[in-house]
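Heavy-atom basis, side chains included; hydrogens, waters and symmetry copies ignored. Please read all numbers here as calculations on a predicted model, not as lab measurements.
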Amino acid sequence: MTSNFTVHAASGYEQLMGRWSRRLAPKFIDFTGLAGGEKILDVGCGTGSLAFELAKSADLAEIQAIDFSPVFVDAARQRNSDPRVTISQADATALPFADNAFDRALALLVLHFVPEAGKAVAEMRRVVRPGGVVAAVVWDHYGGMPGMRMMIDTVAALSESGRQMRGRYCFQPMMQPGEMKRTFVEQDLIDVSEAELMIRMDYADFDDFWAPIGAGEGPLGKYMTTLDPTERGRVEAAVRDAYQAGRPDGPRSFANVAWACRGIVP
């Protein structure tokens, strides 16, 4: 399995998205539910936002966390101090676990970066016992992330390559209303439900907003690495102007919506 998410350094990911995934994780756990003594699989753990939030529940027996990126796996292992949490490198579309091994398999902000997302859902279903839960959450890039759309639309207004990048960003897999729910149903999960989860992304100033992107992290960061220095400067100036919106640089806050989906293994 390849991933469509570009990561150079765990610290860059933390500034770009990890700090926000930590805000989303408790809401996602409330949506999925937990029960004492359960064994949980975190699929696409990144730097550990979901796994370490799960570990706050003293009643859980075991938390297995996997990610395709060795950068993320190393960072999460360095952060881990809970003996119930095991972090390993693995492929979401070929999970290295036995059938029925877990009570729940959860994926926080990962399915939209998996080219074969349906296959990943099928694997999550396989490793969860009958009556267990499969759940995932992804950002609504098209309609639910105004701060990111502000940036993406600004870039799209500057060039054809920017418009093409916007099309890829806004229509990644699993992001349209009902898309994850259909995929869960197609994988024979039952009692499938979908919900919207919202957090706010708060930035100290434009540099706080832009630094990981300028360093090449994530989809827009990857796009920035394809530009020559003059064009990169033009894009950064235009996005800065959009962020500041005619006011002095400083704090900004953006609401962000994610699609969450939950199903039961029959």
Trainee: Does a salt bridge link Arg240 with Asp207, judged by any charged N lying under 4.0 Å from a carboxylate O?
Mentor: yes
Trainee: Is there a side-chain contact between Phe102 and Arg129, using heavy atoms and a 4.5 Å cut-off?
Mentor: no
Trainee: Kindly compute the distance separating CD (Glu160) from CE (Met165), expressed to the nearest 0.5 Å.
Mentor: 11.5 Å
Trainee: Under a single-linkage definition using a 4.5 Å side-chain heavy-atom cutoff for Ile, Leu, Val, Met, Phe, Trp and Tyr, are Leu197 and Leu108 assigned to the same hydrophobic cluster?
Mentor: yes
Trainee: Please answer whether the main-chain N or O of Gln187 pairs with a side-chain N or O of Arg125 as donor and acceptor at a distance below 3.5 Å.
Mentor: yes
Trainee: Tell me yes or no: between the side chains of Arg200 and Ser253, is some donor less than 3.5 Å from an acceptor?
Mentor: yes
Trainee: Using a strict 4.0 Å threshold on nitrogen-to-oxygen distance, state whether Lys39 and Asp103 make a salt bridge.
Mentor: no
Trainee: Are Leu189 and Ile264 close enough that some pair of their side-chain heavy atoms sits under 4.5 Å apart?
Mentor: no
Trainee: Among side-chain atoms of Ser69 and Asp67, is any donor-acceptor pair under 3.5 angstrom?
Mentor: no
Trainee: Apply side-chain contact (heavy atoms from CB on, under 4.5 Å) to Arg166 and Val155, showing your working.
Mentor: CA-CA 8 Å; Arg166 178 176 60 183; Val155 173; over 6 Å; no
Trainee: Taking the basic N atoms (NZ, or NE/NH1/NH2) and the acidic carboxylate oxygens, is any pair closer than 4.0 Å for Arg232 and Glu236?
Mentor: no
Trainee: Quiz question: by atom type and distance under 3.5 Å, do the side chains of Thr154 and Tyr243 form a donor-acceptor pair?
Mentor: no
Trainee: Are Arg182 and Glu179 within salt-bridge range, i.e. N to O under 4.0 Å?
Mentor: no
Trainee: So, Asp202 and Arg19, do they make that salt bridge, N to O below 4.0 Å?
Mentor: no
Trainee: Counting only N and O atoms by type, is there a donor-acceptor contact under 3.5 Å from the side chain of Arg262 to the main-chain atoms of Ala195?
Mentor: no
Trainee: Does any non-hydrogen side-chain atom of Cys261 lie less than 4.5 Å from one of Val137?
Mentor: no
Trainee: Would Glu53 and Arg22 pass as an ion pair if we require N to O under 4.0 Å?
Mentor: no
Trainee: Just checking Tyr203 against Trp20, ring centres under 6.0 Å apart?
Mentor: yes
Trainee: So, the side chain of Asn80 versus the backbone of Val85: is there a donor-acceptor pair under 3.5 Å, distance only?
Mentor: yes
Trainee: Can you tell me how the ring of Phe113 sits relative to the ring of His141, calling it parallel under 30°, perpendicular over 60° and tilted otherwise?
Mentor: perpendicular
Trainee: Determine, for Tyr142 and Arg149, whether the Lys NZ or Arg CZ falls below 6.0 Å from the six-membered ring centre while staying within 45 degrees of the axis.
Mentor: yes
Trainee: Determine, for Asp208 against Arg252, whether the closest basic-nitrogen to carboxylate-oxygen distance falls under 4.0 angstrom.
Mentor: no
Trainee: Check the angle between the aromatic planes of Phe28 and Phe31 and answer parallel, tilted or perpendicular using the 30° and 60° thresholds.
Mentor: parallel
